[in-house]
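First the proteins, then the strands, lettered A, B, ... as listed; each starts at 1.
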There are 2 protein chains.
Amino acid sequence: MRLPLLAAVCCALLACAARRHCAEAAKARHFKWEISNMFWSPDCEEKVVIGINGQFPGPTIRARAGDTIHVELKNALHTEGVVIHWHGIRQIGTPWADGTAAISQCAINPEETFTYRFVVDKVLTTTEVLITNCLNVRGKRSTETEEFCSWLQPGTYFYHGHYGMQRAAGLYGSLIVDVTQGEEEPFKYDGELNLLLSDWYHESIHTQMVALSSKPFRWIGEPQSLLINGRGQFNCSMAAAHTPGATQCAAVNRQCAPVVLPVQPNKTYRLRVASTTSLASLNLAIGNHKLTVVEADGNYVDPFVVDDIDIYSGDSYSVLLTTDQDPSSNYWVSVGVRGRQPKTAPALAVLNYRPNGASKLPALAPPATPAWDDYEHSKAFTYRIRAHAGTPPPPATADRRIELLNTQNRMDGHIKWSINNVSMVLPATPYLGSLKLGLKSTLTAARPAEMFSRGYDVTLPPANPNTTVGDNVYVLAHNTTVDVVLQNANALAHNTSEVHPWHLHGHDFWVLGYGDGAYRGDAADEARLNLRDPPLRNTAVIFPYGWTALRFVADNPGVWAFHCHIEPHLHMGMGVVFAEAVDLVGKVPKQAVSCGATASALMNGDHL
Amino acid sequence: MRLPLLAAVCCALLACAARRHCAEAAKARHFKWEISNMFWSPDCEEKVVIGINGQFPGPTIRARAGDTIHVELKNALHTEGVVIHWHGIRQIGTPWADGTAAISQCAINPEETFTYRFVVDKVLTTTEVLITNCLNVRGKRSTETEEFCSWLQPGTYFYHGHYGMQRAAGLYGSLIVDVTQGEEEPFKYDGELNLLLSDWYHESIHTQMVALSSKPFRWIGEPQSLLINGRGQFNCSMAAAHTPGATQCAAVNRQCAPVVLPVQPNKTYRLRVASTTSLASLNLAIGNHKLTVVEADGNYVDPFVVDDIDIYSGDSYSVLLTTDQDPSSNYWVSVGVRGRQPKTAPALAVLNYRPNGASKLPALAPPATPAWDDYEHSKAFTYRIRAHAGTPPPPATADRRIELLNTQNRMDGHIKWSINNVSMVLPATPYLGSLKLGLKSTLTAARPAEMFSRGYDVTLPPANPNTTVGDNVYVLAHNTTVDVVLQNANALAHNTSEVHPWHLHGHDFWVLGYGDGAYRGDAADEARLNLRDPPLRNTAVIFPYGWTALRFVADNPGVWAFHCHIEPHLHMGMGVVFAEAVDLVGKVPKQAVSCGATASALMNGDHL
């Protein structure tokens, strides 16, 4: 069942032979992880990282679409809780396994073991067209009906910590979902390479969190290094011959050895690239090679060819690369910073044309990263991303529109990021448990604002720079279609507006369009929306001073975070929470909500 | 009711007018604390500390004996649990408030609030003589009878974190209990000074914990500074004129300003001194002044005069100081390292004879700390401590003797401290809850060893250097008298044996005696025991290659840690747990045990 293609849904709705085949082939895949702090030298400077089973980055999970992943996770940190978010996985029926502390579950305490269980990656039909199709065949909506309106989705995903800033401490790894046995991708390749990109600070996340929470506020600055598969070079360059003033990196130990990507000449490779950076927006290019973009966030896209790709924190892509260059040479893979004045040197890897030696330095200079503030370049890339033929189109209209203004604010001497002037603070008791039990006391009764003032001047610092903190829970009616307009604005300082990649849990959304300046919802703005072939994604960027319009169907009962994927921005409150049909959520393991007010209620006889 | 004097018990047993008076005067004292990480410069180098209400050290709690302390504690750390142990407070009837993570309660999760409630400091009669007296008057034992066999105990205490190595991150403060109104101490003084001593590392506790848990093991080294009331001098000396090679400390900001103790000439001051060091054993001396020791660990002692006092981590003392020296001068208070080759400069404070200026440097050099390995000096001080007249004597015989051999061992590439060859690892579910609910699955069934081999050669590294980890829970029968012999030995390296101050929760013990070499329990060893006037304490040291014999009555239902108070040693497993009559423990707040297997059991309908 090659999907997300309408044909497959039809298959499911009819005899569904392919589907039965998938079900038979689906496997349970068991992993046993222990999470602990350990010394590691990601960029040859020894620091403390959070590792999994003694590895950094964590082990790659590889599965086939439809498989069920079981991760039995022991927290071996000394005093810190931990959770793991499976970024891009929809968690249909298992919202308690989404791994967001204080939202979908209680942080797992030290010495405790918690088992995540979820399917990779089942998608519900979300368009009215498809739902109508289903209902026409199956009659009244029921769980069984919904089962028939689902498909499986292979893709490039990753996982990471989602408590405090633990992702920035190195708690992440790759999660790659292959097509089901016998199925084919809509493109061909001879081999595969995997690049998990991140950035790295020498200061501990504890100190970073204190700095960001301090009064007066202290900014943590730019990362010391960029990492490719957990390896980087600090204060030296592998390409010093081409980099004025740089020192050539010495031979290094295993932990920070440069990444080598071995390839054969005249073959096509699928390069999977995902970014779990804390702060940096990245650009990836490979000397002399073109890249054909074929997948974004687990969704096939209309293929297009570029020299380089922008990749924001939370994004994942597959690009095809043909090794059609002079085979006597190796080539640099270069990853540099976009969107902020770069103070971090590019990370380099070697595309190693075999049988050249892996240590043979490329003859050409590493490809230059486009200027950090060349937003036209960024927009050209981002706007070019369109859905692959056969991707379900969005419902033609939305039932509700939520406009979220992103501002930087002050609160009691702190600096915060706010959404419609509320900065998100997570509660002691996770939303999933407290909403399922109806514990009104744990949440503020007030509903967050649905939109911001039409007159808001996004080109200036906020007229009222003061903000408040709150829950920011938007309750979405089941199966309604929701539009979200993310509106960027000027930060506290004049002439400053940052890039923010927003990531939605529990869903893909259609990215309907982008615009510069304030969104007004007028005919001109409407004309910018693409209802024909908008890409499905789980992460979308808002450009400085601009807006981004998204659409999704609230068809996944659970409580889902929606937030800027920049770790310090999230820490400073840049997020909201969507609660969807929590009454329809099935069995939640008690252990997932065994803390705070939920634990008290359950001990007093309440039932989940 | 001046106590612990037998007369007071008699008072209680008869009309108990005084006792009623106390009860009337007793107050509830409410504190609201928020615990968070913050930047601080304890020794003028800025680091992250754990503070309380923005203060480091935490606020001093001051109360009268018999008062009930309520501390409503909000954990505002980002991802770490927290607990507070009230060091030296017996927690009669409130074992859940002892503040030991994984023993008496679940760590309080971030954003949660937990309220500690306990009386300072009620003591049960513990000698058979007194219990017999009580029973003779009151008949059958009952809760009411036991109430009449109690007294109140003022004294010098402190509090600190007891989860991971959070104490070493600065989570501590003073807890001072005055006599009840109208009562008098058995000594006179005109004023009072308080010194809370600690040591300070520049490396974070997270890195320290990783180092100690690493394979290969990494020792954390000696602290960078010693602190007096949270203030120290790193890389400079306030007395550089007297310290060859030292740089005079510059004028400093408030956080690391030197401590000044203002006094009037020809008065007597009570100097309260407590040590919450992570590693260092200390010695305190004041230039030209004699010190009269009058209290140790909240118990009055037979007064004696010394030039300096040794103070181990976990100890507290009161000493009287008479300002009988040349009043035109100020004098140095000097705190230096004992028991380990000192690599940390002494901490200095100024005894400021008013009306001299506080900044007038003392004319004399700071008193020299005795040589770190002059154990004869240490033993002379420690052995001299005897009970104050009227302190209850110990029961003449014990019902059980537990001999605990302290060894340093290897385990799977790690280095551990072990007791009778088991290194303590704490469980996910606190003992108090799991034992009260009878959750057998959470504890190993095997009982730890009651003694070690008589042939063990304490002068050599362990013949079998390998150890295991375990629960180390000793179940003590209610109201039995227990002797504990702590036996020191050679560590893994030849010719090395360290000082270990052991601290018992929930009790004072009588320190019956000390000896060099292996304890054999023979007539010669018995002859070394003092049954006449042994001091009551909660912390006792074992000297290198020596033993220390303690006695206490297991009359306090609860689960109590007993461990080396050196933070890295405890982290490396140097402790055991005593479980006493957990079936007699009264109501335990559910929140205290709302984690792990206890939470599961309570959610499944079990009752505490």
Result block: side-chain N/O donor-acceptor pairs under 3.5 angstrom for residues 32-39 of chain A, not counting sequence neighbours:
none

Per-residue contact mode, [X] against chain A (heavy atom under 4.5 angstrom):
| X | answer |
| --- | --- |
| His571(B) | side chain |
| Glu203(B) | neither |
| Leu77(B) | neither |

inquiry  = Less than 4.5 Å to any heavy atom of chain B: does that hold for the side chain of Leu426(A), its backbone, both, or neither?
reply    = backbone

task = Output the residues of residues 208-221 of chain A for which the shortest heavy-atom distance to chain B is under 4.5 Å, in residue-number order; output 'none' if no such residue exists.
result =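 If one takes a 4.5 Å heavy-atom cut-off, the residues of residues 208-221 of chain A near chain B are Met209(A), Val210(A), Ala211(A), Ser213(A), Ser214(A), Arg218(A).
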
key: Any residue meeting salt bridge (charged side-chain N to carboxylate O under 4.0 Å, His left out) with Glu111(A), in chain and number order, not counting sequence neighbours   =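 For Glu111(A), the residues satisfying salt bridge (charged side-chain N to carboxylate O under 4.0 Å, His left out) (neighbours in sequence not counted) are Lys74(A).
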
query = Any idea which of Ser600(A), Pro110(A), Ala599(A) has the most non-hydrogen atom pairs under 4.5 angstrom with chain B?
reply = Pro110(A)

key: ring pair (Phe, Tyr, Trp, His ring centres under 6.0 Å) partners of His206(A), counting only residues at least two apart   =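 His206(B).
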
inquiry  = On a heavy-atom basis, which atom in Met603(A) and which in Lys590(B) lie closest, and how many Å separate them?
reply    =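 Looks like O-NZ, 3.3 Å.
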
ask   = What heavy-atom pair brings Asn109(B) and Cys595(A) nearest, and what distance separates the two atoms?
value =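 What the structure gives for the nearest pair is ND2-CB, 4.1 Å.
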
message = Within the 4.5 Å heavy-atom criterion, are Thr207(B) and Lys47(A) side-chain neighbours or not?
response =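 No, their side chains stay 4.5 Å or more apart.
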
ask   = In terms of heavy-atom pairs under 4.5 Å, which option from Thr79(B), Val48(B), Val82(B) contacts chain A the most?
value = Thr79(B)

